[in-house]
There are 2 protein chains.
Amino acid sequence: MNKYSIGKFATKVGLTTYTLRYYDKQKLIIPKRDENNRRYYDDEDVKWIGFILHLKGTGMLMTEIQEYVELRKQGDSTINQRKQLLQSVRKRSIAEINERKSHLKILSLKIDWYDGKLKYKVNENFEEYIKRFR
Amino acid sequence: MNKYSIGKFATKVGLTTYTLRYYDKQKLIIPKRDENNRRYYDDEDVKWIGFILHLKGTGMLMTEIQEYVELRKQGDSTINQRKQLLQSVRKRSIAEINERKSHLKILSLKIDWYDGKLKYKVNENFEEYIKRFR
DNA sequence: ACTTGACTTAGAGTTAACTCTAACTGGTAC
DNA sequence: GTACCAGTTAGAGTTAACTCTAAGTCAAGT
């Protein structure tokens, strides 16, 4: 099994040693220690941090990930709870994406409207323009 | 033309008076003043704050909105610059959505994997499971 | 021997966008 | 006449997630 010092691991996963010590303190990922009390990470940790980064990428908060870690530590009896936790994050994340998309649509319409002004010298105001779409 | 005090306007647009004074200070939306130096907002401001909130909703930063405001103040000669600014925000926002979606896909797969464990007592590990999709 | 990289605790600084408090003034409505 | 809403400046506090510094120790590698 490969062993990585905090520095090597940081490079491998694209984080800084500061962040990793911070995650350790926050109990997101707690590495083992060698005989000199130095942290070392293994390939399981590579998988685990990878998954954590996916969770973060969905907008899951650190406190929620901590909760997830707690449940995980308790073993298979908490699988249903973990699933529910992820489902609620999923729901929220999808809602956030949809909201952002709807704002993005307005922004896109504004760009189109500018295009109309620039290319065809259209002079309808944006509020009227926007009504004709959506 | 309707006039709104800061309090009425705050209620109307769903912000607080603190936030509106902050936006004033930040030059996002600068209302007119009455004879007693009190801010008042009109229907143009309603439209404008609405648009600002759409911009914010796309993830556009306040500094970028300030830049946009600056250009707008300079009149029609800056339309092309404004369009370009919005296009760059649009591009970034779409990229962020796509990234979030890709993380969300992994999270969804994990939920499905939990389902397999719970309903069908499947025992394949997640890393193997995940390889079969995407 | 010396550099490098690890360790510790404790706490300060950063970023973005608010959010609120203090302490005071002043016009409007009931 | 008093409550209410507005105004001001200045600055502190909040949230999330880092990010970095200080000041010191300790062990391995060249």
Side-chain angles (χ1 to χ4, degrees), chain A residues 2-42 45 49-69 89 92-93 96 99-100 103, chain B residues 2-42 45 49-69 89 92-93 96 99-100 103:
Chain A
N2 293 310
K3 283 186 175 188
Y4 310 97
S5 69
I6 192 168
K8 300 283 177 210
F9 190 68
T11 306
K12 191 174 175 66
V13 303
L15 296 172
T16 66
T17 56
Y18 297 128
T19 303
L20 286 169
R21 290 201 196 93
Y22 174 66
Y23 283 179
D24 187 354
K25 207 180 297 177
Q26 298 301 313
K27 301 172 197 240
L28 294 200
I29 179 163
I30 302 175
K32 298 201 185 70
R33 300 291 186 128
D34 70 11
E35 59 284 0
N36 295 312
N37 199 37
R38 290 184 183 191
R39 290 170 184 85
Y40 70 88
Y41 297 82
D42 61 23
D45 293 319
I49 197 80
F51 188 57
I52 286 176
L53 294 176
H54 284 307
L55 295 181
K56 288 197 146 292
T58 65
M60 189 169 177
L61 300 173
M62 235 159 75
T63 51
E64 293 169 327
I65 300 178
Q66 284 167 347
E67 204 183 318
Y68 183 81
V69 169
V89 171
R92 183 185 62 203
S93 194
E96 283 168 7
E99 201 178 320
R100 177 167 283 216
H103 292 303
Chain B
N2 293 311
K3 282 185 177 188
Y4 310 97
S5 70
I6 192 167
K8 300 284 178 212
F9 190 67
T11 306
K12 189 174 177 68
V13 302
L15 295 171
T16 66
T17 57
Y18 297 126
T19 303
L20 287 170
R21 289 199 196 94
Y22 174 66
Y23 284 179
D24 188 353
K25 208 181 295 177
Q26 298 302 312
K27 303 173 197 238
L28 294 200
I29 179 163
I30 303 175
K32 297 201 185 74
R33 302 291 186 128
D34 69 11
E35 60 283 1
N36 295 313
N37 199 37
R38 291 186 181 189
R39 290 169 186 85
Y40 70 86
Y41 297 83
D42 61 25
D45 293 318
I49 197 81
F51 188 57
I52 285 176
L53 294 177
H54 284 306
L55 295 180
K56 289 198 146 291
T58 66
M60 189 170 178
L61 301 174
M62 234 160 75
T63 50
E64 292 169 328
I65 300 179
Q66 284 167 347
E67 202 183 319
Y68 183 82
V69 169
V89 171
R92 183 184 63 203
S93 194
E96 283 168 6
E99 201 179 320
R100 176 166 284 215
H103 293 303

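In the text below, chain A, chain B and the rest are named by the order of the sequence lines, each starting its count at 1. Just so it is clear, the structure is predicted and the values come from calculations on it, not from any experiment. Just so it is clear, the values below take in all heavy atoms, side chains as well, and ignore hydrogens, waters and symmetry mates.
Summarising the geometry, the separation between CD on Q26(B) and P on dT19(C) is reported as 13 Å, rounded to the nearest angstrom. Rounding to whole angstrom units, CG of residue L28(B) and C1' of dC18(C) are separated by 12 Å. A straight line from OH of Y18(A) to P of dT9(C) spans 16 Å, rounded to a whole angstrom. Taking atom CG of L15(B) as the reference point, atom P of dC18(C) lies 8 Å away to the nearest angstrom. Following rounding to the nearest Å, M60(A) (CE) and dA17(D) (C1') show an atom-to-atom distance of 15 Å. For the pair F9(B) CZ and dG7(D) C1', the interatomic distance rounds to 18 Å; values are reported in whole Å. We find that CG of D34(B) is positioned 10 Å from C1' of dG27(C), with the value rounded to whole Å. One atom, OH of Y4(A), and another, C1' of dG5(C), lie 19 Å apart when rounded to the nearest Å.
In this structure, the nucleotide among dA17(D), dG7(D), dA16(C) sitting nearest to the side chain of L61(B) is dA16(C). Checking dG7(D), dA17(D), dA17(C) against every side-chain atom of K56(B), the shortest atom distance belongs to dA17(C). Checked against dT19(C), dA17(D), dC7(C), the side chain of Y22(B) finds its nearest nucleotide in dT19(C). In the set dT8(C), dC18(D), dC20(C), the nucleotide with an atom closest to the side chain of M62(A) is dC18(D). Minimum atom distance to the side chain of S5(A) is reached by dA6(C), of the listed dA28(D), dT8(C), dA6(C).
Between K8(A) and dT4(C) there is no side-chain polar atom (N or O) within less than 4.0 angstrom of OP1 or OP2. For the OP1/OP2 pair of dT28(C) and a distance below 4.0 Å, the side-chain nitrogens and oxygens of N36(B) include at least one atom meeting the criterion. For R21(A) and dC7(C), the shortest distance from a side-chain N or O to OP1 or OP2 is below 4.0 Å.
I49(B) places none of its side-chain heavy atoms less than 4.5 Å from the side chain of Y41(B). Under the 4.5 Å side-chain criterion, counting only non-hydrogen atoms from C-beta, R33(A) is in contact with R39(A). Side chains of L55(A) and V89(A) form no contact here, defined as non-hydrogen atoms less than 4.5 Å apart.
Ranked by how close their nearest DNA chain C nucleotide is to the 5' end, R38(B) and T19(B) are led by T19(B). Position along DNA chain C of the nearest nucleotide to D24(A) versus G59(B) favours D24(A) as the more 5'-ward residue.
Of all non-hydrogen atoms in L28(A) and Q66(A), the two that sit nearest each other are CD2-CG, 3.7 Å. For G57(A) against H103(B), the heavy-atom pair with the smallest separation is CA-CD2, 3.4 Å.
When heavy atoms are screened at a 4.0 angstrom cut-off, T16(B) is found touching no nucleic acid atom at all. Nucleic acid contact for Y23(B): sugar-phosphate only, since backbone atoms but no base atoms lie under 4.0 Å from a heavy atom of the residue.
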